[in-house]
Amino acid sequence: MADRNKNNKNNKRRNNNNDEEFNPKFRKMRKKVCVMCANKDYVLDYKNPEQLKKFINEKGKILPRRATGACAKHQRDITQAVKRARHIAILPYTQN
């Protein structure tokens with residue numbers, strides 16, 4: 001019986017080595033691909049509010065890179081386009 005308990009402890013330790021079944025709360029997320037890098041025909045336009053609404057949340061804040069999946073270069077372009085659209089009153093600064 002003591003040997004069986006010892007084996008169970010060893011099995012638990014083995015499962016801790018990056019085993020997907022060990023902790024189901026934490027799964028590896030697939031990396032998002034930048035929409036603008038993947039599709040070279042995709043042009044970001046600050047005059048198109050429907051296109052820019054994909055990059056802002058319900059409160060009107062600009063979504064971060066981890067949420068949009070954009071690369072650093074295109075995230076800067078997204079931010080600039082949203083700010084331009086806000087400045088000329090195409091997009092609101094905040095949502096109520």
Side-chain angles (χ1 to χ4, degrees):
M1 179 134 161
D3 291 333
R4 196 167 86 186
N5 288 338
K6 187 176 182 181
N7 287 339
N8 285 341
K9 288 180 183 179
N10 289 337
N11 285 339
K12 287 180 185 178
R13 288 185 188 142
R14 283 188 211 132
N15 282 340
N16 197 13
N17 295 334
N18 297 328
D19 190 10
E20 291 180 25
E21 296 176 347
F22 178 70
N23 194 349
K25 290 182 182 179
F26 300 104
R27 292 186 213 152
K28 290 186 178 180
M29 297 294 288
R30 191 171 62 171
K31 186 172 180 178
K32 294 181 182 181
V33 179
C34 179
V35 178
M36 290 165 267
C37 287
N39 185 3
K40 298 294 181 183
D41 297 331
Y42 190 86
V43 178
L44 191 65
D45 186 19
Y46 71 94
K47 294 174 275 186
N48 187 354
E50 295 303 316
Q51 184 184 36
L52 295 176
K53 283 185 181 178
K54 290 189 273 187
F55 301 112
I56 59 173
N57 67 5
E58 63 275 355
K59 291 185 178 182
K61 291 184 174 184
I62 301 170
L63 293 174
R65 280 182 57 196
R66 65 180 179 270
T68 62
C71 63
K73 175 185 173 187
H74 289 118
Q75 183 66 28
R76 287 191 296 270
D77 294 340
I78 290 167
T79 302
Q80 188 176 27
V82 170
K83 288 180 180 181
R84 283 181 180 171
R86 285 175 177 167
H87 186 71
I88 60 173
I90 294 175
L91 285 177
Y93 283 95
T94 60
Q95 302 277 337
N96 290 338

statement: Apart from Ile90 itself, its cluster of hydrophobic side chains linked below 4.5 Å comprises Tyr46, Ile88

- prompt: Ignoring hydrogens and geometry, is there a side-chain-to-backbone donor-acceptor pair from Gln80 to Gln75 under 3.5 Å?
  reply: no

query: Hey, what do you get for CD1 (Ile78) to NZ (Lys73), rounding to the nearest 0.5 Å?
result: 12.5 Å

- request: Before giving the answer on side chain to side chain contact (heavy atoms under 4.5 Å, CB included), spell out for Ile56 and Leu63 the whole-Å C-alpha distance, their side-chain angles and the decisive distance to 0.1 Å.
  value: CA-CA 5 Å; Ile56 59 173; Leu63 293 174; 5.7 Å; no

- request: Taking all non-hydrogen atoms of both residues into account, name the closest pair between Leu91 and Pro49 and its distance.
  value: CD2-CB, 4.2 Å

task: Walk me through it: do His87 and Arg84 pass the test side chain to side chain contact (heavy atoms under 4.5 Å, CB included)?
output: CA-CA 5 Å; His87 186 71; Arg84 283 181 180 171; 5.6 Å; no

message: Taking Ala67's backbone N and O only, do any of them form a donor-acceptor pair with Lys32's side chain (distance below 3.5 Å, no angle check)?
response: yes

message: Counting C-beta onward and ignoring hydrogens, is there a side-chain heavy-atom pair between Cys37 and His74 closer than 4.5 Å?
response: yes

- prompt: Does a side-chain heavy-atom distance below 4.5 Å link Arg86 with Leu52?
  reply: no

- prompt: Does the Gln51 side chain pair with the main chain of Asp45, one donor and one acceptor, at a distance under 3.5 Å?
  reply: yes

query: Between Met36 and Tyr42, what is the shortest heavy-atom contact and its length?
result: CG-CD2, 3.2 Å

